[in-house]
Amino acid sequence: MGVHDRSRPRGLRAGRAVSGATLTVDLSAVAANTRLLASRAGGGLMAVVKADGFGHGAAAVARTSLANGASALGVTSVQEALDLRTAGVGAPLLSWLNPVDAAFDDALVADVELGVPGHAHLAAVAAAAARTRRRVRVHLHVDVGMARDGASVTEWGGLCAAARAAEREGHVRVVGVMGHLGWADRPRDPLNRQGRERFVEAVAAARGAGLRPRVRHLAATAATLTLPDTHFDLCRVGAGLVGIDPSGTTLLHPALTLAAPVVGVREVPAGTHVGYGRTYATPRRTRLALLPVGYADVIPRAASGSAWVQLRGRRRKVVGSVSMDCIVVDIGDDAVTPGEVATVFGPGADGEPTVADWARWAGTLEHEIVTGIGPRVGRRVVTAGDLAVSA
Ligand SMILES: *Cc1c(COP(=O)(O)O)cnc(C)c1O
């Protein structure tokens, strides 16, 4: 990434720590997770690398997962797809969730397949195909119960008929049918069975309309791990690649470690208020260490009062409210000096807090923490070694 990269303000290039905090991305964790998910999927595995590979780096996660059993890539915007192509990633690549006026011409020139949730998108991608003299490979998207993306069950028959007519005109080829389950993190919820049935009916209706979709895909990470009868031809996994299991059933490997240097230490008497709003006062004389990471970087403000970090191998409570740029931790009598490094989160193997801990403290999901790491945090990508996979 060059100095003239326009996606980030000057001076906030990836890889250069501005705040002093450093995020280490361990690709061997992604590799091990991918191997496990590929073995569970059985058929194809699509690595969903949207939102910069869930904050882990889209191209790096894409390459690592492709080298470890993924057969295709998925993203939720044409621009993310084009960025992967620019980075030299050449695998089959699907983009869905696009606005109807997205850069479909560019997507087709870059050999990107497109998710189509309705008539307007079908017309837009067919027009792009006609303009670029290509045939667009389409995955028709059916809503099986989330009322989010995808055609509703009542629109589905009409969409299939329109897609078949577009196939006959020569610029469209329906290669897939996709759906998405909204409750797979609770594998026993009966809504999963209902969602699967709707999907099966939608595929049958597509076939009845004369379409021949080769790739049926419904399962994301949780269903890949817990609901084998939802796997069909391909599983689309994102969270699992980076060690997040929404179903809570499988030990995956977290890939991120966030380290922050101590920038200042002070000794304070009992009753000292720390940070904004006088939300906290020290109960006794103690020492406080200042770390240069705040809510602009990744630390959720909602974790104030619950969080701790690891410093010198010990748990040290975050005290006072989380600021935009910093947190303060109570280090007791430790003679910590500026420059020593605290672990804000990591895989948890050495007793440090995990992303899952931060998510719990903040009342949110791990997904929100890992996709919220700001541009001031320096980044380092490593391949720490072979991690065991318990398939
Ligand atoms: C993000 C996304 C996925 C991947 O889901 P995970 O639970 O992260 O594996 C799959 N399908 C769709 C439609 C998505 O938006």
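In each ligand, atom 1 is the first atom listed, and ligand 1 is the first ligand listed. The model shown is predicted, which means the values in this text are computed figures rather than measured ones. All heavy atoms count here, side chains included; hydrogens, waters and symmetry mates do not.
A salt bridge is defined here as a Lys NZ or Arg NE, NH1 or NH2 lying under 4.0 Å from an Asp or Glu carboxylate O, and D143 with R148 fails to meet this definition. A salt bridge does not link D229 to R193: none of the charged nitrogens lies less than 4.0 Å from a carboxylate oxygen.
Nearest-residue assignment for atom 6 (P) of ligand 1 (options T221, T76, L37; heavy-atom criterion): T221.
Inclusion of G238 in the set of residues having an N or O under 3.5 Å from an N or O of ligand 1 is warranted. At a 3.5 angstrom cut-off on N or O pairs, R236 counts as close to ligand 1.
Side chains of T286 and D330: a donor on one and an acceptor on the other come within 3.5 Å.
Of all atoms in ligand 1, listed by their number and element, those nearer than 4.0 Å to a heavy atom of V237 are 9 (O). Under a 4.0 Å criterion applied to the non-hydrogen atoms of F54, ligand 1 contributes the atoms 8 (O). Listed by number with element, the atoms of ligand 1 under 4.0 angstrom from any heavy atom of A239 are 6 (P), 8 (O), 9 (O).
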Please report the C-alpha distance between H141 and H180 in whole Å, then the side-chain angles of each, then the deciding distance to 0.1 Å, and finally whether the ring-ring contact (aromatic ring centres under 6.0 Å, His included) criterion is met.
-> CA-CA 9 Å; H141 194 164; H180 191 52; 7.7 Å; no
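The protein heavy atom nearest to atom 5 (O) of ligand 1 is A220 CB, 3.4 Å. In terms of protein heavy-atom proximity, atom 13 (C) of ligand 1 is closest to W96 NE1, 3.4 Å. Scanning the protein for heavy atoms near atom 2 (C) of ligand 1, the closest one is K50 NZ, 2.6 Å.
Ring geometry, F104 versus H121: the interplanar angle exceeds 60°, so the pair is classed perpendicular (tilted spans 30 to 60°).
For the side-chain contact (heavy atoms from CB on, under 4.5 Å) test with V293, the passing option among V309, I327, I373 is I327; the others fail.
Judged by the 6.0 Å distance and 45° axis criteria, R236 is positioned over the aromatic ring of W96.
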